[in-house]
Amino acid sequence: MDQRRTMPFVVMCAGMFFVLLDVTIVNVALPSIGRGTGAAHVADLQWVIDGYQLTLAGLLLAGGTLGDRYGHRRVVTAGFVLFGVASAACALAPGIGALVAARVVQGVGAALLLPGTLAVITTLYPERERRARAIGAWAAIGSLALPAGPVLGGLLVQALGWRWVFWINVPVIAVVIVAVLVTVRESAPERRPFDVLGVLLGTATLGLVTFAVIEAGRYGPTAPPVLAAGALALAAGVCFVVAERRQAHPMVPLALLRHPPIAVSTVVAGTMNFGINGVMLLLTLYLQAVQHRSPVEAGMSLLPLFLPLVLLPAYAGRLTGRHGPKPVMLAGLGLLVAGFLLLLLLRPGSGYGPLFPAMLVIGVGAALLTPSVVALAMGAAPPGREGLTSALNNTARQAGGAVGVAALGAVGGDPARPAAFVSGLHHAAWVAAVAYACAGLLTLLTRQADA
């Protein structure tokens with residue numbers, strides 16, 4: 001065993017695991033966070049999730065570019081430091097506003113370090129076969145964060161309180177920072193241009209859209225702050241497209257999206273996380289606030305949603321290799337539509353019986369969709385643009401998840417009124433099912449030669 005490569009690999013995977021864990025571990029803690037911080041509305045809890053996901057989505061491409069420009073070891077270390085300090089600030093937050101602000105800083109740290117962990121691993125293993133195995137292991141470890149989050153979050157909340165879902169990061173990240181400094185070599189920096197205007201306008205557009213959707217659920221769609229945010233989002237989006245078209249080195253090269261498979265895979269990747277992240281918020285509130293399950297019970301109850309995402313991607317990858325990405329994508333999208341329609345069977349007094357098959361079907365659909373979407377995009381990536389195409393796909397997933405939490409959370413409503421909340425959950429399920437059906441139609445219309 002080559003310790004010079006094994007130790008940095010383990011360090012990168014451990015750090016990445018805890019960053020991805022923070023996407024799911026917080027969900028189970030949301031009811032306790034609401035009680036502990038005095039959050040009066042479900043919109044406040046949506047911001048606890050989206051404060052993190054918005055900055056992660058908005059800055060993910062920028063984090064990769066900064067690593068190329070200044071060295072991945074340096075940028076990854078800065079990301080870990082920021083993530084660890086922000087985790088402590090989350091644990092110490094006196095109220096919901098301070099918690100959301102700290103979550104935003106956590107997202108900045110995650111965006112800095114997440115692209116760098118893969119870049120470091122790629123540098124460690126220049127041999128094609130060993131690199132492929134290392135990347136596969138990196139992705140598998142990241143997938144384990146999905147089921148681990150609800151279970152670990154439930155245990156921590158029930159035993160020690162909600163603040164410990166953040167405190168747990170601090171000692172682990174401290175060890176990881178020391179290990180990075182000791183074991184990881186700095187990469188050669190490249191003087192690559194940095195698209196500051198694109199980063200600012202892209203992040204502003206995503207943030208304003210999310211603000212408008214979340215606050216529409218709180219105050220209504222015609223409230224002045226909602227209308228103002230919507231108008232600003234439209235203006236920022238138009239400016240973003242214009243700026244990216246004029247940039248010599250844009251953050252998001254719009255020319256990539258002229259390739260139909262890349263455009264379709266980007267839309268489908270965002271749609272996948274739109275429904276799954278949004279319904280994860282609603283099911284967490286349903287299990288605890290409506291069905292009055294403990295945090296541990298709620299976390300364990302969510303496992304059928306996540307375990308297929310850990311167990312099935314390798315099989316889905318083989319299916320994709322044998323039949324091409326398009327049929328596997330259509331199968332995954334069809335299962336997602338079916339799974340969300342099964343959620344219509346839920347009632348305030350339902351047992352676990354109706355929920356289990358719905359989550360299992362959703363999980364299997366997502367497990368089929370994840371590798372096939374990536375394969376569709378990467379198969380059409382122009383030479384030398386593979387990394388950027390992959391980053392664009394990941395950014396779409398994070399952005400879709402943030403918007404999904406905002407939109408489906410707003411449709412779901414207040415879990416303190418169980419009957420109205422379950423009715424809202426049904427409406428959210430319809431929204432997601434229609435979105436997946438549209439994504440399926442878009443996939444079906446993609447040229448077979450490109451798929």
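Taking every heavy atom of both residues into account, L309 and A367 meet most closely at CD2-N, 3.6 Å. Closest approach of H292 to A289, counting heavy atoms only: CE1-O, 3.3 Å. Closest of all the heavy-atom pairs between L92 and R163 is C-NH1, 3.6 Å. Of all heavy-atom pairs between Q46 and A410, the closest is NE2-N, 3.5 Å. Closest heavy-atom contact between A399 and A57: N-CB, 3.5 Å. Looking at every heavy atom in both residues, A102 comes nearest to A86 through O-CB, 3.6 Å.
Side-chain atoms of R103 come within 3.5 Å of backbone N or O of V48 as a donor-acceptor pair. Looking at T37, its side chain never comes within 3.5 Å of a backbone N or O of G95 through a donor-acceptor pair. A donor-acceptor pair is defined here as one N or O able to donate and one able to accept, closer than 3.5 Å; such a pair exists between the side chain of T55 and the backbone of Y52. In terms of modelled atom types and a separation under 3.5 Å, the side chain of S372 and the main chain of L369 share a donor-acceptor contact. Under a 3.5 Å cut-off, the side chain of N273 and the backbone N or O of G401 do not form any donor-acceptor pair. Although no hydrogens or angles enter the test, the distance criterion places no donor-acceptor pair under 3.5 Å between the side chain of E215 and the main chain of P225.
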Inset, instruction - Show your reasoning for whether side chain to side chain contact (heavy atoms under 4.5 Å, CB included) applies to L376 and M329. - result: CA-CA 9 Å; L376 181 68; M329 285 175 64; 3.6 Å; yes

Margin query: Please determine whether side chain to side chain contact (heavy atoms under 4.5 Å, CB included) holds for the pair F274 and V431, giving the CA-CA distance in whole Å, both sets of side-chain angles, and the decisive distance to 0.1 Å.
Written below: CA-CA 10 Å; F274 170 87; V431 170; 4.2 Å; yes

Could you go step by step and tell me if F83 and L112 meet the side chain to side chain contact (heavy atoms under 4.5 Å, CB included) rule? CA-CA 9 Å; F83 186 83; L112 289 177; over 6 Å; no

Between W47 and L99, is the side chain to side chain contact (heavy atoms under 4.5 Å, CB included) condition met? List the steps. CA-CA 9 Å; W47 279 116; L99 177 58; over 6 Å; no

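Checking T77 against R74 by side-chain atom types alone, no donor-acceptor pair falls below 3.5 Å.
Here the straight-line distance linking atom CE of M280 with atom CG of L302 works out to 8.0 Å at 0.5 Å rounding. In this structure, L343 CG and I362 CD1 are separated by 4.5 Å, a value rounded to the nearest 0.5 Å. One distance of note links OG1 of T370 with CD1 of I276; it measures 7.0 Å at 0.5 Å rounding. L355 contributes atom CG, which lies 6.5 Å from atom OH of Y286 (distance to the nearest 0.5 angstrom). With values rounded to the nearest 0.5 angstrom, N169 atom CG is found 7.0 Å from L21 atom CG. The CG atom of L206 sits 5.0 Å away from the CG atom of L54 when rounded to the nearest 0.5 Å.
Using a 4.5 Å heavy-atom cutoff, the side chains of T210 and V403 are in contact. When side chains are defined from C-beta on, M12 counts as touching V76, because their heavy atoms get closer than 4.5 Å. Between C13 and F9, the closest side-chain pair of non-hydrogen atoms falls below 4.5 Å. F306 has its side chain out of reach of M359: every pair of non-hydrogen atoms, C-beta onward, lies at least 4.5 Å apart. When side chains are defined from C-beta on, V411 does not count as touching L425, because their heavy atoms never get closer than 4.5 Å. Residues T271 and L442 have side chains not in contact (no heavy-atom distance under 4.5 Å, counting atoms from C-beta outward). At least one side-chain heavy atom of Q288 sits less than 4.5 Å from a side-chain heavy atom of V28. Looking only at side-chain heavy atoms (C-beta outward), V373 and M272 stay at 4.5 Å or farther from each other.
Applying the side-chain contact (heavy atoms from CB on, under 4.5 Å) test between V405 and each of I49, V213, L282 identifies I49 as the sole match.
For Y436 and F340, the distance between ring centers is under 6.0 angstrom.
Residues satisfying the side chain to side chain donor-acceptor pair (under 3.5 Å) criterion with N27, sequence neighbours excluded, are absent altogether.
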Which side-chain N or O atoms in residues 147-162 pair as donor and acceptor under 3.5 Å with protein atoms at least two apart or in another chain?
residue: Q158; atom: OE1; partner: S294; partner atom: OG; Å: 3.2
residue: Q158; atom: OE1; partner: V296; partner atom: N; Å: 3.2

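For W164, the CH2 atom counts as loosely surrounded, since its 6.0 Å shell holds 12 or fewer non-hydrogen atoms of other residues, nucleotides or ligands.
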